[in-house]
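Data first, discussion second: the structure below is written as structure tokens.
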Amino acid sequence: MIYNFSAGPAMLPAAVLAKAQAELCNWGGRGISVMEISHRDPEYIAMTHEAERDVRDLLAIPDNYSVLFMHGGGRGQFSAVAQNLAAADATVDYLNTGTWSGYAIREAQKYVGQVNVIEALQDTAEGKSVSAQNEWNLSENAAYFHYCPNETVDGIAVHEIPDVAAPIVADMSSVILAEPLDVSKFGLIYAGAQKNIGPSGLALVIVRNDLLVTQQERVCTVMNYRVQAEEGSMYNTPNTFAWYLAAEVFKWIKAEGGLEAMADLNQRKAKLLYDCVDHSAFYVNRIAPKNRSLMNIPFQLRRSELDAEFLKQAKAEGLLALKGHRFVGGMRASMYNAMPYSGAQALVDFMTRFAKEHS
Ligand SMILES: *Cc1c(COP(=O)(O)O)cnc(C)c1O
């Protein structure tokens with residue numbers, strides 16, 4: 001049995017891959033692949049409508065929000081958000097909680113005059129944590145407030161939705177569909193697909209309709225939210241295969257019991273691993289409990305000289321992609337929706353054995 005702990009592109013549900021394989025050359029009895037059909041074909045369009053209905057059901061997306069399937073992954077949205085939602089002389093607020101918020105900030109600085117960076121990471125006795133909202137230096141008239149609820153590289157999460165006056169923009173690339181969400185609290189949510197939705201390259205955007213006013217007229221048309229909303233995300237040829245796979249993942253989540261079931265599974269997997277790390281003198285996680293991610297769990301071996309041996313043995317046992325991000329070092333286990341409980345169990349069993357053998 002192989003368990004893939006990659007941070008992204010990440011594992012997809014086995015049932016979805018098996019279905020895609022079975023119908024790769026013959027989509028729904030049409031005798032051709034879904035990759036070979038026009039995106040304007042009524043049957044393809046019907047599939048995209050079903051995908052939208054399913055994701056609307058899963059997240060209970062209110063009617064005054066548009067759902068877009070866009071190009072350019074998560075990072076494509078870093079500039080799209082800035083250009084669509086803020087005029088060049090506007091002020092925007094960015095909460096800095098780690099690697100991905102940092103990238104989003106640097107991209108926004110290219111397009112928006114005043115990017116107010118709120119440095120929210122702090123070191124406490126309990127580990128790295130995100131400062132309380134009353135310590136944030138928010139702007140008076142921000143066009144929007146941007147944050148990253150789940151920092152994929154650092155394993156840091158902001159579990160409470162901030163309570164701010166400006167429309168909230170959230171980079172949910174690594175946490176979308178992992179648990180129920182109150183979409184009405186957000187102005188715009190975006191997510192690169194390759195963690196919890198499907199293949200890379202695709203981005204899901206959920207945007208409140210009053211924000212579909214393009215603030216910078218020179219925004220690349222493919223990245224223009226208003227145009228893409230008007231065109232059903234088909235201003236140009238979309239990534240048709242990725243959209244199809246995303247549709248299959250949405251169906252799979254519904255069949256598994258929806259986001260409550262995902263949240264329950266994700267909490268149980270994360271608890272198993274954090275408990276293993278916390279109860280051992282061999283491993284350590286340096287994030288304060290209130291800001292620990294359920295999706296991406298970094299941990300270090302206290303004897304880092306054993307890192308290579310740990311990775312080698314893990315791989316030999318079918319536990320893949322546990323090497324931490326190069327910025328952080330150590331290990332990282334990413335456990336998105338598609339990771340079954342047995343994967344977390346296999347990892348913890350291995351870690352316990354490895355610790356015993358090396359203590
Ligand atoms: C993976 C990731 C991205 C980047 O996605 P790309 O599709 O590679 O552009 C952005 N933000 C977060 C939080 C991510 O985890």
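Counting convention: from 1, in listed order, for ligands and their atoms alike. What you are looking at is a predicted structure, and each value in this text was computed from that prediction instead of being measured.
Close approach of ligand 1 to Asp171 (heavy-atom distance below 4.0 Å) involves ligand atoms 10 (C), 11 (N), 12 (C), 13 (C). For ligand 1 and Gly73, the ligand atoms under 4.0 Å from any heavy atom of the residue are 7 (O), 9 (O). Taking every non-hydrogen atom of Gln194 and a distance limit under 4.0 Å, the qualifying atoms of ligand 1 come out as 5 (O), 6 (P), 7 (O), 8 (O). Interface atoms of ligand 1 facing Cys148, defined by a heavy-atom separation under 4.0 Å, are 13 (C).
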Practice task
Check step by step if ring pair (Phe, Tyr, Trp, His ring centres under 6.0 Å) holds for Tyr94 and Tyr144.
Solution key: CA-CA 9 Å; Tyr94 274 74; Tyr144 61 82; 5.8 Å; yes
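Under 4.0 angstrom from ligand 1, there are no non-hydrogen atoms of Ala104.
Looking at Glu357 and Arg353, no side-chain N of the basic residue comes within less than 4.0 Å of a carboxylate O on the acidic one, giving no salt bridge. Between Lys254 and Asp57 there is a salt bridge, since a side-chain N of the basic residue sits under 4.0 Å from a carboxylate O of the acidic one. Salt bridge Arg292/Asp278: present, at least one basic N to carboxylate O contact under 4.0 Å. Ion pairing between a basic and an acidic side chain is recognised when a charged N comes within 4.0 Å of a carboxylate O; Arg30 and Glu43 show such pairing. Electrostatic pairing of Asp54 and Lys251 does not count as a salt bridge here, judged by no charged N lying under 4.0 Å from a carboxylate O. Ion pairing between a basic and an acidic side chain is recognised when a charged N comes within 4.0 Å of a carboxylate O; Arg53 and Glu50 show no such pairing.
With respect to atom 4 (C) of ligand 1, the closest heavy atom belonging to the protein is Trp100 CH2, 3.4 Å. The protein heavy atom nearest to atom 9 (O) of ligand 1 is Arg75 N, 2.7 Å. Counting protein heavy atoms only, atom 15 (O) of ligand 1 is closest to Thr152 OG1, 2.4 Å. At the top of the distance list for atom 14 (C) of ligand 1, counting protein heavy atoms only, stands Lys195 NZ, 2.9 Å.
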